[in-house]
Amino acid sequence: DSISGLAPGLYTVDVIDPLGCVTADTAIISGGTGISVIDSINHVSCYGATDGNVTIEISGGNPDYTITALSTSQTLTGGVSIYTTPSMIPPGTYPYTITDIDGCDYSASFTINEPPLSTGVDTQYSCVPYTWIDGNTYSVSNNTATYTLTNSLGCDSIITLDLTIN
């Protein structure tokens, strides 16, 4: 006879032959390797952007794998063990669950970060009204403004004018 569906552990087996003789033995049933992952995160490129993504490489467990993340579920079949999200994830922390074909689960989360908003102050001193980078002329009564430039990373950079007219 055979027994199936036993959890990992140490079991004692009694075998009785047709003459009634009993032989005892032990059997160890080991569990398979648990699911493990290596994730590779691409954080958003600029403050306020939504272009982050993650690649999750799955090992262990027993393929096929089903991954549930970002309100969707996808089954990886045929030996596929790498899952990549679309490059449209905003900053935040996102939980996910991987389930192998035996129903074993692995749950974790990944975090997409964003760089800080790029800002700066342009302090200027002038004796006369001042024409700034935005093409407008500023004076004692209107001596502050903001302007958006593109920084070296291609992201918005907010510059604030701090003008003192003597």
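In this structure, Leu76 and Ile98 have side chains that are not in contact, with every pair of non-hydrogen atoms separated by 4.5 Å or more. At a threshold of 4.5 Å between non-hydrogen side-chain atoms, the residues Leu163 and Ile165 count as touching. Counting heavy atoms from C-beta outward, Tyr138 and Leu161 have side chains that approach closer than 4.5 Å. Under the 4.5 Å side-chain criterion, counting only non-hydrogen atoms from C-beta, Leu70 is in contact with Thr85.
The aromatic rings of Tyr96 and Tyr106 sit tilted, their planes meeting at an angle between 30° and 60°.
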**Request:** Take Ile158 and Leu117 through the side chain to side chain contact (heavy atoms under 4.5 Å, CB included) test and state the conclusion after the steps.
**Result:** CA-CA 8 Å; Ile158 310 298; Leu117 179 62; 4.3 Å; yes
**Request:** Give the C-alpha distance, both sets of side-chain angles, the deciding distance and a yes or no for side chain to side chain contact (heavy atoms under 4.5 Å, CB included) between Thr146 and Ile159.
**Result:** CA-CA 5 Å; Thr146 59; Ile159 306 299; over 6 Å; no
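Neither side chain, Thr26 nor Thr12, offers a donor N or O lying under 3.5 Å from an acceptor on the other. Side chains of Asp51 and Ser45: a donor-acceptor N/O pair is present below 3.5 angstrom, by distance only. Between Ser109 and Thr93, the side chains place no donor N or O within less than 3.5 Å of an acceptor N or O (distance only, hydrogens not considered).
Scored by the side-chain hydrogen bond (donor to acceptor under 3.5 Å, both in side chains) test, Thr55 finds Thr84 as partners (sequence neighbours excluded). Residues forming a side-chain hydrogen bond (donor to acceptor under 3.5 Å, both in side chains) with Thr50 (at least two apart in sequence, or on another chain): none. Here Cys46 pairs with Cys155 under the disulfide (SG to SG under 2.5 Å) rule; sequence neighbours left out.
In this structure a side-chain-to-backbone donor-acceptor pair under 3.5 Å is missing from Thr137 to Thr131. Panel note: side chain Glu114, backbone Gly48; a donor-acceptor pair is recorded below 3.5 Å.
Listed by first and then second residue, the disulfide (SG to SG under 2.5 Å) pairs involving residues 87-138 amount to none (not counting sequence neighbours).
Ile38 forms part of no hydrophobic cluster, judged by ILVMFWY side-chain heavy-atom separations under 4.5 Å.
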Using a 3.5 Å cut-off and no angle test, enumerate the donor-acceptor pairs between side-chain atoms of residues 58-67 and protein atoms at least two apart in sequence or in another chain.
unit_1 : atom_1 : unit_2 : atom_2 : d
Ser59  : OG     : Ser36  : OG     : 2.9
Asn62  : ND2    : Asp102 : OD2    : 3.1
Tyr65  : OH     : Gly60  : O      : 2.4
Thr66  : OG1    : Thr75  : OG1    : 3.0

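Between Phe110 and Tyr94, the distance separating the two ring centers is shorter than 6.0 angstrom.
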